[in-house]
Q: 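Shown below is the structure under consideration.
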Amino acid sequence: MGAQSAGPLVVGVDSSTQSTKALVVDADTGAVLARGQAPHTVGGGEGKESDPGQWWRALGEALAQCGEAARQASALSVGGQQHGLVTLDAAGAPVRPALLWNDVRPAPQSERLIAELGGARAWAERVGSVPGPAFTVAKWAWLREHEPAAAESTAAVRLPHDYLVERLTGEAVTDRGDASGTGWWASRTESYDQRILDHVGLPAGALPRVARPGEAAGTVHAEDLPLPRGALVAAGTGDNMAAALGLGLRPGQPVLSLGTSGTVYAVATRRPTDPTGTVAGFADARGDWLPLACTLNCTLAVDRVAALLGRDREAVEEGGEVVMLPFLDGERTPNLPGASGLVHGLRHDTTPGRLLQAAYDGAVFALLQALDRVLDADAASDAPLLLIGGGARGRAWRETVRRLSGRPVVVPEAQELVALGAAAQAAGLLLGEDPAAVARRWGTARGAEFEARPRDGAAWDRLTATLADGAALLRS
Ligand SMILES: Nc1ncnc2c1ncn2[C@@H]1O[C@H](COP(=O)(O)OP(=O)(O)O)[C@@H](O)[C@H]1O
Ligand SMILES: O=C(CO)[C@@H](O)[C@H](O)COP(=O)(O)O
């Protein structure tokens, strides 16, 4: 183990699309004493799929890298990529690889579900969200249609984080935050929606119990992980909800997360019901709400454009008028699942650096467009944006966000806010404290502050016009 600890140790896990990260944290001070990381692979041809067993093995590997510290932990929690459809047979083994949040194949099923159950406004009022292709309910509908035998053999449906919690504890438990991304958990009643489940032919008994905020899932019973048996396991949550805990967010503080997905969100005390579907009305892990907009094309798309141009990701040049909508994987915000990337305005003076800058602009624009809808009327219009995720470490990302938002930006020093949020949830459970208060005590949101830059309205207008004028191409 590295530094000395003052308090009991807790483990926070981030099981995200590209990797599992584990941190061992001192529950008193928030000091990170050990860390580990192991990669995941995403396959699936036209779709995006991962083997859930791989997440379990990656968890073991990341914990093993933490060494002796993990073996001394008193509590653990898992934050996981949202929405993924994990299907298990009667023996608890995966029936097939999980369909991930960014798999857009269920676009037709999503449209049908919205129409069949009363339209977008009715869904927003009842469930809190209009279920786009990301939502688990659309993925389950896709599976029933395309692989009926797999759906037939499914005895239990889990999300990525609660699949791991069940393997850790033997208990089928999830939390309101991750459950709110399924499309079959209604935010209006804070319970599973029987009418939706009946409509998609999924028995409620196939789903995990939804723990109350602050309730434990169980204790570690798994024998093949380097963790003490009997350590407390919190209910865990979705990765964005975990990051909100990790920042100790108060209502109205906007967050922009730049990772495999791009997300923009804030904690809200009022239940969101956006009928346009731009904002998902998620629950947070504490009892409030987490209105959130998510893009499919963020760091991976911009890195891909940099690779195509043969440039380092920081080798951007501002200026010029070229516009890029880097929707390489289809897009979720705006809802264009069939889209591909679009470049407009190429000229003789367009340099590779300007083209790369245009990719950053397009990715950031898609997120910022949703910001006003995410924030409710009470949020200050000049509140600094908290910039997190792997991309927050890059200068080009940060400067693009400052230039297109016109807002001050804070980049927390603490990295791995999802894993830290999970650690705060574990510490809250162990010590009987509010996990967000734990994170505030740890000072996780402290970081470098960058003042507002004048907003680049001309670039914003070019992006807006290209999105509108390119609509027919982007819908195909
Ligand atoms: N120094 C850096 N500058 C810019 N981008 C970075 C840097 N380090 C990592 N990244 C980006 O961060 C991404 C991973 O972000 P992360 O938040 O860890 O992903 P995930 O959403 O899967 O958890 C990578 O795709 C990479 O493009
Ligand atoms: O679908 C969403 C949010 O609704 C994504 O934010 C996923 O939760 C995956 O996140 P990464 O950690 O892989 O970026």
Side-chain angles (χ1 to χ4, degrees), residues 13-21 35 37-42 48 50 55 58 62 79-85 98-104 128-129 131-136 138-139 159-161 177-178 180-183 237-244 246 255-265 277-283 290-307 312-316 329 331-333 356 359-360 363 367 370 374 387-401 411-412 415-422:
V13 175
D14 172 7
S15 176
S16 66
T17 316
Q18 296 190 60
S19 66
T20 299
K21 301 158 195 164
R35 62 182 82 228
Q37 180 165 5
H40 305 157
T41 55
V42 177
K48 306 274 184 196
S50 287
W55 303 330
Q81 54 173 315
Q82 292 181 242
H83 309 295
L85 176 74
L99 271 74
L100 305 189
W101 61 279
N102 50 355
D103 192 327
V104 292
S129 303
F135 280 68
T136 328
K139 304 205 180 298
L159 292 163
H161 111 261
D178 219 3
S180 67
T182 56
T237 192
D239 55 2
N240 291 293
M241 294 78 195
V255 179
L256 197 73
S257 173
L258 303 167
T260 310
S261 61
T263 59
V264 58
Y265 56 88
T278 304
V279 176
F282 295 142
L290 199 72
L292 177 150
C294 173
T295 62
L296 297 184
N297 297 282
C298 193
T299 56
L300 289 181
V302 171
D303 282 354
R304 180 73 190 125
V305 173
D312 181 86
R313 61 158 76 100
E314 294 293 353
V316 290
D329 276 324
E331 193 34 80
R332 171 165 157 189
T333 309
L356 180 55
Y360 280 96
L367 281 167
V374 161
L387 202 60
I388 66 167
R393 280 176 253 162
R395 185 177 186 282
W397 279 111
R398 188 185 72 224
E399 290 310 306
T400 306
V401 171
V411 183
Q415 289 170 13
E416 310 311 349
L417 282 149
V418 175
L420 267 179

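Ligands are counted one by one from 1 in listed order, and the atoms in each one are counted from 1 as well. The figures that follow rest on heavy atoms only: side chains count, while hydrogens, waters and symmetry mates do not. By convention here, the first residue in the shown sequence is residue 1. Computed from a predicted structure; not experimentally measured.
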Q: Ignoring angles and geometry beyond distance, decide whether K21 reaches within less than 3.5 Å of ligand 1 through its nitrogen or oxygen atoms.
A: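 Indeed, backbone or side chain, K21 has an N or O that close.
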Q: Closer than 3.5 angstrom, by distance alone: can the side chain of K21 be matched with the main-chain N or O of S16 as a donor-acceptor pair?
A: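 Flag not set: sc K21 to bb S16 has no pair under 3.5 Å.
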Q: Residues in salt bridge (charged side-chain N to carboxylate O under 4.0 Å, His left out) with R313, at least two apart?
A: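 Residues passing salt bridge (charged side-chain N to carboxylate O under 4.0 Å, His left out) with R313: D303.
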Q: Report yes or no: do Q82 and N240 form a side-chain donor-acceptor pair below 3.5 Å?
A: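 The criterion, which ignores hydrogens and geometry beyond distance, is satisfied for N240 and Q82.
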Q: Treating D103 as the side-chain partner and K48 as the backbone partner, does any N or O pair qualify as donor plus acceptor under 3.5 Å?
A: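 A pair under 3.5 Å: yes.
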Q: Which of the numbered atoms in ligand 1 are under 4.0 angstrom from any heavy atom belonging to G394?
A: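 Contacts of ligand 1 toward G394, numbered from 1: 3 (N), 4 (C).
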Q: With atoms numbered from 1 as shown, which atoms in ligand 1 lie under 4.0 angstrom from a non-hydrogen atom of G389?
A: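 The atoms of ligand 1 under 4.0 Å from a heavy atom of G389 are 17 (O).
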Q: Identify which of G390, G259, C298 has a heavy atom lying nearest to atom 10 (N) of ligand 1.
A: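 Heavy atom nearest to atom 10 (N) of ligand 1 belongs to G390.
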Q: Under a 4.0 Å heavy-atom cut-off, which residues neighbour ligand 2?
A: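 Within the 4.0 Å shell of ligand 2, which is judged on heavy atoms, sit S16, T17, Q81, Q82, H83, W101, D239, N240, T260, S261, T263, F282, L292, C294, R332.
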Q: Is it the case that S15 and H161 place a side-chain donor and acceptor less than 3.5 Å from each other?
A: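 No, no side-chain donor-acceptor pair sits under 3.5 Å.
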Q: Closer than 4.0 Å to some heavy atom of R393 - which atoms of ligand 1 meet that?
A: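 Near R393, meaning under 4.0 Å from one of its heavy atoms, ligand 1 has 1 (N), 2 (C), 3 (N), 8 (N).
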Q: Check ring pair (Phe, Tyr, Trp, His ring centres under 6.0 Å) between W101 and all other residues, then give those that pass, not counting sequence neighbours.
A: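 W101: no ring pair (Phe, Tyr, Trp, His ring centres under 6.0 Å) contacts found.
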Q: Among all protein heavy atoms, pick out the one at the shortest distance from atom 25 (O) of ligand 1; state its residue, atom name and that distance to 0.1 Å.
A: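 Closest protein heavy atom to atom 25 (O) of ligand 1: T299 OG1, 3.0 Å.
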Q: List every atom of ligand 1 that sits less than 4.0 Å from any heavy atom of D303, numbering the atoms from 1 in the order shown and giving each element.
A: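 Answer for ligand 1: 26 (C), 27 (O).
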Q: Between E314 and R395, does at least one N-O distance fall below 4.0 Å, as a salt bridge requires?
A: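 Not counted as a salt bridge, because no side-chain N and carboxylate O are separated by less than 4.0 Å.
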Q: Among all residues two or more places apart in sequence or in another chain, which pass the side chain to side chain donor-acceptor pair (under 3.5 Å) test with T260?
A: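 Per chain and number, T260 pairs via side chain to side chain donor-acceptor pair (under 3.5 Å) with Q18.
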Q: Using a strict 4.0 Å cut-off to heavy atoms of S16, name the atoms of ligand 1 that fall inside it.
A: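 Those of ligand 1 that fall under 4.0 Å from S16 are 20 (P), 22 (O), 23 (O).
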Q: For a 4.5 angstrom cut-off between non-hydrogen side-chain atoms, does I388 reach L256?
A: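 No; the side chains remain at least 4.5 Å from each other.
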Q: Which bit of T260 is near ligand 1, meaning a heavy atom under 4.0 Å away: side chain, backbone, both or neither?
A: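 Within the 4.0 Å criterion, T260 contacts ligand 1 through backbone and side-chain atoms alike.
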Q: Heavy-atom distance under 4.5 Å between the side chains of T20 and Q37, does that happen here?
A: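 Not touching, per the 4.5 Å side-chain cut-off.
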Q: Is any side-chain heavy atom of L292 less than 4.5 Å from a side-chain heavy atom of V264?
A: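 Heavy-atom side-chain distance check fails, nothing below 4.5 Å.
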Q: Check whether any side-chain heavy atom of L356 lies under 4.5 Å from a side-chain heavy atom of V302, and answer yes or no.
A: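 Yes, close enough: below the 4.5 Å cut-off.
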Q: With a cut-off of 4.0 Å, which atoms of ligand 1 are near a heavy atom of Q18?
A: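 Counting from 1, the qualifying ligand atoms are 22 (O), 25 (O).
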Q: Could you tell me whether Q81 approaches ligand 1 through its side chain, its backbone, both or neither, with non-hydrogen atoms closer than 4.0 Å?
A: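 The answer is neither; Q81 stays 4.0 Å or more away.
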Q: Show the atoms of ligand 1 that are less than 4.0 angstrom away from any heavy atom in L300.
A: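 What qualifies from ligand 1 is 25 (O).
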Q: Tell me: protein heavy atom nearest atom 4 (C) of ligand 1, and distance?
A: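 Protein heavy atom with the smallest distance to atom 4 (C) of ligand 1: R313 CD, 3.3 Å.
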